[in-house]
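Hydrogens, waters and symmetry mates play no part in the numbers below; they use all other heavy atoms, side chains included. Quick caveat, the model's predicted, so the values are computed rather than measured. So that the names make sense, note that chain A is the first sequence line, chain B the second, and so on, each numbered from 1.
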Amino acid sequence: MTATRYLVTSALPYANGPLHLGHAAGAYLPGDIFCRFQRLRGNEVLYICGSDEHGAAILMRARQEGVTPKDVVDRSHERIARAFERFGMSFDWYGRTSSATHHETSAAFFEKLAGEGRFVLRSEEQLFDPEAKLFLADRFVVGTCPKCGNANAYGDQCEACGSSLSAKDLIDPRSTLTSATPVLRETTHWFLPLGDHQEVLAKWIASRVDWKPNVLGQIKSWMEGGLEDRAMTRDLPWGVAVPKAVADAAGVDASGKVLYVWFDAPIGYISATREWSQAHGDPDGWRRWWQNDETQLVHFIGKDNIVFHCLVFPLMLHLHGDYVLPRDVPANEFLNLEGQKFSTSRNWAVWLDDALDEFPADYLRYALCSILPESKDADFSWRDFGARINNELADTLGNLVHRCVTFCVRSFEGRVPPLEGPSDVDREALDQLARTTRAVADSIEHYRFREALAELMNLARHGNKYLSDGEPWKTKKSDPRACANTIHVALQIVASLSILSDPFLPDIAQRLRGRLGLGATRREPQDAGLSWDAAAQPLLEVGATVHDGEALVPKIEDSAIEAQLAKLEAASRAATGTATEAADASSSAAAYAPLLPTIAFEDFAKIDLRIGRVLSAEKMKKSKKLLRCEVDLGFEVRQILAGVAEHLTPEDLIGKQVVVVANLAARPMLGTESQGMLLMAEGRDGKLSPATAAQEAGATVR
RNA sequence: GGCGAGAUAGCUCAGUCGGUUAGAGCGAAGGCUUCAUAAGCCUUAGGUCGCCGGUUCAAGUCCGGCUCUCGCUACCA
């Protein structure tokens with residue numbers, strides 16, 4: 001078999017916080033299983049990852065914490081890298097995009113594309129914070145929403161009304177960094193004209209018929225919407241600087257300009273590969289991987305990264321011209337936690353390193369692998385975790401090993417007994433080894449890791465049945481030869497399992513091989529270790545010594561599971577204040593909304609607040625959020641559209657006496673005019689409830 | 001509203017090109033067993049394949065419509 005060359009990447013984790021189990025299940029565990037398998041198989045594998053350390057969010061976090069961006073990424077990089085190591089990730093290189101090599105590589109990449117006229121320069125006005133001397137990403141401007149009047153709308157989106165906004169449209173904008181009033185200032189950026197290359201991309205995608213439907217569907221969705229130019233640079237003091245030569249050639253002052261994080265991050269795969277080859281004393285070695293048509297480039301990512309890995313980065317590679325394009329991008333969907341989305345702000349999460357403090361990596365790997373969100377969003381629950389480990393991994397696999405080995409130790413002095421005159425059943429059981437080896441391999445090749453794991457566990461179930469049927473504890477006296485055959489075959493099954501489980505459960509597999517006196521598995525094509533195909537045939541020599549020991553897979557106590565549940569609830573409650581209803585899946589910031597700047601009394605006096613009685617309320621057609629209400633203000637009845645349908649039913653409002661902004665300019669929405677605004681109180685859990693008062697309709701509110 | 005993905009047993013999920021009685025694991029019930037980690041094996045129960053209509057000799061599978069969930073997007077207090 002000629003070795004295939006696999007260049008595999010897992011999405012670069014963003015160095016802004018720790019990893020949770022959802023990350024692990026999305027891009028990392030599948031990539032690791034794939035790589036470990038391909039190495040065992042004898043293929044050439046280079047597995048690359050690293051920390052993504054640029055971007056506005058990291059800069060902002062640093063400012064909030066009063067530290068430098070480098071402090072933030074150093075800390076995160078450390079924590080993430082350590083968690084990966086403990087989780088058993090077998091990266092050949094784990095880099096970071098703040099490295100010199102990366103800066104150099106991505107700047108050169110940018111320079112080449114710029115030199116060949118691949119970008120479009122465009123100037124536009126953006127908000128600038130004169131105190132911080134920074135251009136502000138939309139996210140870092142707050143102000144009054146022009147649509148709904150919410151005074152705390154973010155520049156990219158108003159969380160009150162859900163509007164997508166541009167920061168420039170905010171009324172009374174201010175910087176979240178300094179509270180200064182931003183000013184409009186012109187700035188120039190390099191745009192990648194994706195639309196110009198839509199046909200090339202469409203053609204390329206059309207050749208990828210074997211990609212997962214969720215990936216192709218996403219791509220199709222983007223393509224049909226028409227690809228738009230995307231800015232590949234930003235005004236930020238943190239990141240890979242726009243090369244001076246490029247800026248000079250364009251006649252642009254590049255000071256304070258960096259590459260957009262989504263331009264530089266995927267290049268991180270390339271620069272990490274360069275670092276790897278430098279570290280191996282072969283500075284040009286990376287080219288053999290990236291600049292070679294025979295390389296199978298595979299990106300493991302979560303579904304949020306599809307557009308970049310399937311359209312933007314491939315286009316960048318294509319335009320550059322020297323690189324291979326991805327062979328496959330097996331993106332996973334998302335993992336939920338106990339039925340709800342992972343949420344950092346609500347602290348609804350299980351952090352990978354915390355989980356590794358409590359349970360062996362292989363337990364997490366097993367449980368996550370059996371529920372990987374391969375075709376749709378999946379759910380991690382602690383009780384399910386406990387059941388899978390105890391009922392499957394411990395009872396089916398761990399106990400099979402134990403019963404075979406202890407029997408061998410007690411009845412055959414720990415030596416693999418000979419196989420003499422095997423029965424049909426014995427032969428059939430040995431034949432199963434080849435079938436399972438093939439089936440598991442086939443599943444992994446198609447990125448069906450759940451299926452692969454199930455196939456592997458089926459062999460363990462076969463083993464248990466084979467033992468029960470053979471009843472060696474009876475034949476030990478009645479038919480010693482049959483007894484020996486049964487134990488011989490059962491041990492061969494266990495031996496194969498020690499290979500087949502290696503990609504999934506590297507630690508358990510290794511300890512198992514230790515007990516069977518088997519050596520290491522193959523890491524490189526030429527290396528002499530045990531190969532994947534070894535699992536297809538009997539592996540143990542007659543007379544070889546096996547050892548008994550502590551349980552290979554100790555069970556988890558129920559109390560440990562309950563403790564995790566309690567911990568999760570407690571952390572969530574602490575983050576969301578009094579909210580105990582964990583069932584609320586609506587996303588919202590856990591913190592109190594920041595206090596707005598002081599206003600003059602005269603400003604306040606302009607607002608005419610009245611009590612209104614809600615006469616009727618009904619859902620608006622064609623709208624997810626709007627309720628159409630008729631509100632009696634005493635002196636007249638108004639039609640008011642309230643964007644609360646996701647929180648309240650019409651019955652929640654009908655008959656209520658609520659506070660109304662009575663002198664708000666009327667505005668049409670979805671063709672219907674709204675003549676005012678109902679005031680709502682928004683809790684930190686994001687839930688709305690009407691601001692009510694027990695006064696007659698028309699009463700003023702001061 | 002538009003686009004994409006999904007909905008199959010109590011739970012987690014398979015189900016290929018339309019083809020016999022819709023499968024697996026876990027859980028449940030009953031039985032057997034004792035080498036073993038209160039383990040193992042066997043048997044059984046459990047499904048209107050989200051809903052409605054259509055094509056077909058035949059639909060979980062193909063087509064149309066609808067409902068719900070998730071994501072993106074539009075409108076939007």
Q: Strictly by Watson-Crick or wobble contacts shorter than 3.5 Å, is anything paired with B:rA74, and which nucleotide is it?
A: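 Its partner is none (no Watson-Crick or G-U wobble pair with both distances under 3.5 Å).
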
Q: Write down the partner of B:rC68 under the Watson-Crick or G-U wobble criteria, each distance required to be under 3.5 Å.
A: B:rG6

Q: Could you let me know what B:rA14 is paired to, Watson-Crick or G-U wobble, both distances under 3.5 Å, or none if it's on its own?
A: none

Q: When the distance from CG of A:L467 to P of B:rG40 is rounded to whole Å, what number comes out?
A: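 Distance, rounded to whole Å: 12 Å.
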
Q: Tell me what A:V553 touches on the nucleic acid: a base, only sugar-phosphate, or nothing, going by heavy atoms under 4.0 Å.
A: base

Q: Please state how far atom CG in A:N336 lies from atom C1' in B:rU12, giving the value in whole angstrom units.
A: 14 Å

Q: Please give the nucleotide sitting opposite B:rA45 as a Watson-Crick or G-U wobble pair, both distances under 3.5 Å, or none.
A: none

Q: What distance, rounded to whole Å, do you find between the two C1' atoms, one in B:rA59 and one in B:rA22?
A: 12 Å

Q: Check for me whether A:K341 meets the cation-pi criterion with A:F334, that is, NZ or CZ under 6.0 Å from the six-membered ring centre and within 45 degrees of the ring axis.
A: no

Q: When you compare the side chain of A:W211 with that of A:C310, does any pair of heavy atoms fall below 4.5 Å?
A: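 With C-beta onward as the side chain, the pair touches.
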
Q: Any strand counts, and the cut-off is 3.5 Å on both contacts for Watson-Crick or G-U wobble. Which nucleotide pairs with B:rU37?
A: none

Q: Between B:rA7 atom P and A:E333 atom CD, what is the distance in whole Å?
A: 11 Å

Q: Distance check, P atoms only: B:rC13 and B:rU55, in whole angstrom units.
A: 35 Å

Q: Once you apply a heavy-atom cut-off of 4.0 Å, does A:K465 come out as touching a base, just sugar-phosphate, or nothing?
A: sugar-phosphate

Q: If you count the non-hydrogen atoms of other residues, nucleotides and ligands that lie under 6.0 Å from CD in A:E228, is the total more than 12?
A: no

Q: Which one, B:rC13, B:rC35, B:rU12, comes nearest to the side chain of A:W473?
A: B:rC35

Q: Expressed in whole Å, how much space separates the C1' atoms belonging to B:rU21 and B:rA58?
A: 15 Å

Q: What is the nucleic acid contact for A:S375, judged by heavy atoms within less than 4.0 Å: base, sugar-phosphate only, or nothing?
A: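 It contacts sugar-phosphate atoms only.
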
Q: Round to a whole Å and report the spacing from OH of A:Y466 to C1' of B:rC35.
A: 14 Å

Q: Give me the distance, rounded to whole Å, that separates B:rG4 from B:rG64 when you measure between the P atoms they each carry.
A: 11 Å

Q: For the base of B:rC35 and the side-chain ring of A:F407, does the geometry meet a stacking cutoff of under 5.5 Å between centres and under 30° between planes?
A: no

Q: When rounded to the nearest Å, what value does the distance between C1' atoms of B:rU67 and B:rG23 take?
A: 27 Å

Q: Let me have a per-nucleotide readout for nucleotides 26-31 of chain B, 5' to 3', with B, S or -, counting only protein heavy atoms under 4.0 Å.
A: SS----

Q: Would you kindly compare A:F334 and A:L393 by the position of their nearest RNA chain B nucleotide and give the one closer to the 5′ end?
A: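 Result: A:L393.
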
Q: Which is true for A:K474 with a 4.0 Å heavy-atom rule: it touches a base, it touches only sugar-phosphate, or it touches nothing?
A: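 Sugar-phosphate, no base atom in range.
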
Q: Roughly how many Å is it from CG in A:L311 to P in B:rC72, rounded to a whole number?
A: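 That distance rounds to 17 Å.
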
Q: Checking A:W348 side chain against A:L337 main chain: does a donor-acceptor pair fall under 3.5 Å?
A: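 Checked: pair present.
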
Q: Quick one: A:H462 NE2 to B:rC41 C1', roughly how many Å, whole number?
A: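 Answer to the nearest Å: 13 Å.
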
Q: Before giving the answer on side chain to side chain contact (heavy atoms under 4.5 Å, CB included), spell out for A:V631 and A:L615 the whole-Å C-alpha distance, their side-chain angles and the decisive distance to 0.1 Å.
A: CA-CA 6 Å; A:V631 182; A:L615 300 175; over 6 Å; no

Q: Relative to the ring of A:F412, is the ring of A:F407 parallel (under 30°), tilted (30 to 60°) or perpendicular (over 60°)?
A: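 If you compare the ring of A:F407 with that of A:F412, the planes turn out tilted.
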
Q: Can you tell me how the ring of A:H299 sits relative to the ring of A:H309, calling it parallel under 30°, perpendicular over 60° and tilted otherwise?
A: perpendicular

Q: To the nearest angstrom, how far is A:L491 atom CG from B:rC35 atom C1'?
A: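 From A:L491 CG to B:rC35 C1': 12 Å.
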
Q: Please check if the distance between the ring centroids of A:F385 and A:F359 is under 6.0 Å.
A: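 Close enough - the centres of the two rings lie under 6.0 Å apart.
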
Q: Assess whether atom CD of A:E428 is packed by more than 12 heavy atoms of other residues, nucleotides or ligands within 6.0 Å.
A: yes

Q: Remember a base hit wins even if backbone is also touched, and classify A:L216 as base, sugar-phosphate or nothing at under 4.0 Å, heavy atoms.
A: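 The residue A:L216 makes no contact with any strand.
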
Q: Between B:rG71, B:rC13, B:rC41, spot the one nearest the side chain of A:K376, thanks.
A: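 Of B:rG71, B:rC13, B:rC41, B:rC13 is nearest to the side chain of A:K376.
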
Q: Could you tell me how far B:rA14 sits from B:rC62 if I compare only their P atoms? Round to whole Å.
A: 15 Å

Q: For atom C1', what is the distance between B:rG25 and B:rG46, given to the nearest Å?
A: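 So the two C1' atoms sit 15 Å from each other.
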
Q: Please give, in whole Å, the distance from B:rC13 C1' to A:R448 CZ?
A: 14 Å

Q: Please walk me through it: do A:R638 and A:L633 pass side chain to side chain contact (heavy atoms under 4.5 Å, CB included)?
A: CA-CA 7 Å; A:R638 297 274 186 90; A:L633 291 184; 3.7 Å; yes

Q: Closest-nucleotide mapping onto RNA chain B: is A:K303 or A:D384 further toward the 5' terminus? I mean the 5' end.
A: A:D384

Q: Could you work out the separation of B:rA38 and B:rU33 based on their C1' atoms and round it to a whole Å?
A: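 Going atom to atom, C1' in each nucleotide, I get 14 Å.
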
